Amino acid sequence: MHQWPQVDTPLPGPRSRELWATFDPIVAAPMQDHDEVPFVETRKEGSLIEDVDGNVFVDLVSGWGATPYGATPSTVIEAVVDAQRRYGMEITDYVQNEPAIELANKLISVAPPGITRVMASLSGTLAVETGVKLAREATGRPMILVFHGQYHGEVSYLTASVSTDLAEVNSHSSAYVGGLVFAPYPNQFRAPFHKGPGPYDDTMYIDFLEEWLLLYQVEPTQIAGVLIEPVLGEGGIHIPSAAFWERLTGLCKRWGWKLILDEVQTGMGRTGTYFASEHWDLEPDIVLLGKGVAAGGQPIAAVLGTEEVMAATDVHGGGTFAWTPAACAGASAGVDILTDPETMANVARIEETALRIFTPLIEEIPQVADVRALGALIGIEFVTDMETIQPAPAFHRAVHRAAIRRGVLGVTQWGKWVYRMQPALTIPMELFEWSCNTLVDVIREVAKNPPEEPVNLLERVPPEGGTRRR
Ligand SMILES: Cc1ncc(COP(=O)(O)O)c(C=O)c1O
């Protein structure tokens with residue numbers, strides 16, 4: 001395997017094409033979509049991915065956040081393999097075992113203030129389902145306040161209907177789910193009531209809650225909880241202000257709403273602190289964990305809660321595959337990497353490097369509208385021009401495609417215009433700097449001859465062979 005990104009064949013390469021010829025005719029439509037990742041992977045090492053044609057890419061996706069310490073962190077993999085040999089598969093919900101007990105203790109030891117309890121779960125989606133159930137059970141109230149632009153999963157009806165990160169994602173699931181009220185998520189660049197750059201105060205979103213939503217749509221005493229991502233991830237890396245959080249948590253206290261923080265993407269060190277809630281000293285009632293808690297081992301998720309919400313609940317969050325011994329052992333080894341001070345120090349370097357390299361592009365390139373980063377969650381927003389700030393999904397896609405040809409695999413999704421990077425928290429700085437500099441070259445290249453953009457975002461169509469997925 002090349003020890004540095006290097007693309008030797010056209011993409012997709014001949015072997016990738018051959019394999020897909022046997023795969024596409026037998027899988028569902030979304031699995032036939034190769035537009036965004038035009039290769040078949042054969043192995044990973046650290047932050048490098050090799051495809052079946054021998055091309056090597058730097059991995060800025062990190063298993064969508066589930067491999068925060070690189071592809072195969074040795075302590076995690078050893079712990080997983082040892083536990084798998086020792087226990088095989090086990091139903092932890094019924095037959096409890098040592099790795100589960102160790103993990104529960106470790107998660108509580110790093111949890112935000114006020115969190116004293118943990119519940120097993122298997123995926124981000126299930127953690128969200130459980131968090132919502134817990135809030136309803138704890139308050140006896142029906143309604144959940146959620147925010148437009150968030151992503152909470154799309155496999156269950158509840159999570160799909162609250163995942164308004166592009167309306168297509170929810171596949172009209174909201175028709176089957178009641179008990180939700182929506183408000184816009186704070187967006188410093190594209191606020192619905194205040195467009196464009198310039199003075200901006202995101203407490204206007206709380207004004208909207210108080211002066212509109214709670215007045216005209218739902219009584220505050222009907223709301224059980226607020227389901228919110230502390231930093232909007234899939235929705236384009238938006239970071240609310242301290243003033244926003246102060247007023248939102250003020251409403252929670254005033255009206256008895258449970259604060260349900262979806263830290264599936266932001267938790268376990270992704271934003272430079274163990275939990276994103278630490279940036280604002282939040283005291284959540286319920287914290288949802290997924291992705292990073294797996295540490296690159298086996299699938300696992302968790303719901304954390306306060307004494308009040310969880311000590312005497314009847315809600316069950318587990319399930320047959322939740323917290324298998326191997327998954328718990330891997331996640332435990334992951335907590336040890338998280339709490340090594342070098343890990344958070346590297347995340348701080350990632351944020352500093354991304355902002356230093358990308359921010360000057362805002363002045364240089366008319367299509368680069370905004371650069372946002374918190375820890376190792378990084379986004380670049382593309383527009384047609386700064387006057388209209390019209391989203392530029394075609395520019396975004398062109399950047400992504402050109403970057404892959406140079407060996408950089410970031411996060412793109414059809415129809416979006418914020419290019420995202422979520423490297424391993426432990427990525428070597430030299431490789432990350434190279435990735436950022438390569439992206440800068442690519443953005444300059446695309447800006448010389450920008451592609452035509454859809455006139456109307458609502459009428460944009462997926463590219464040939466692409467599907468409307470998140
Ligand atoms: C914030 C957030 N919540 C929930 C989920 C769903 O997690 P999963 O895909 O494990 O079901 C995701 C996945 O991207 C997410 O980003």
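In listed order, ligands and their atoms are each counted from 1. Side chains are part of it too, since the values below use all heavy atoms of this structure and drop only hydrogens, waters and symmetry mates. Fair warning: this is a prediction, and the values are worked out from it, not measured in the lab.
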Below 4.0 Å from any atom of ligand 1, is there a heavy atom belonging to Gln150?
no

Checking ring-ring contact (aromatic ring centres under 6.0 Å, His included) against Phe395, which of Tyr419, Phe382, Trp417 comes through?
Phe382

Taking atom types as modelled, find out whether Ser156 and Thr159 have a side-chain donor-acceptor pair closer than 3.5 angstrom.
yes

Are a donor atom and an acceptor atom from the side chains of Glu78 and Thr75 found within less than 3.5 Å of each other?
no

Got an N/O contact under 3.5 Å between His152 and ligand 1?
no

Enumerated ligand 1 atoms positioned under 4.0 Å from heavy atoms of Lys291:
12 (C), 13 (C), 14 (O), 15 (C), 16 (O)

Donor on one side chain, acceptor on other, Glu234 and Gln150, under 3.5 Å
no

Inspect the contact between Arg397 and Glu36 and indicate whether a charged nitrogen and a carboxylate oxygen are less than 4.0 angstrom apart.
no

At less than 4.0 angstrom from any non-hydrogen atom of Tyr151, what atoms of ligand 1 do you find?
1 (C), 2 (C), 3 (N), 12 (C), 13 (C), 14 (O), 15 (C), 16 (O)

Kindly confirm or rule out an N or O of Thr125 lying under 3.5 angstrom from an N or O of ligand 1.
yes

Under 4.0 Å to a heavy atom of Asp262 - the qualifying atoms of ligand 1, by number:
1 (C), 2 (C), 3 (N), 4 (C)

Could you check whether any side-chain heavy atom of Val408 comes within less than 4.5 Å of a side-chain heavy atom of Leu60, counting everything from C-beta outward?
yes

Ligand 1 N/O within reach of Glu229 N/O, cut-off under 3.5 Å
no

Provide the number and element of each atom of ligand 1 under 4.0 Å from a heavy atom of Gly124.
6 (C), 7 (O), 8 (P), 10 (O), 11 (O)

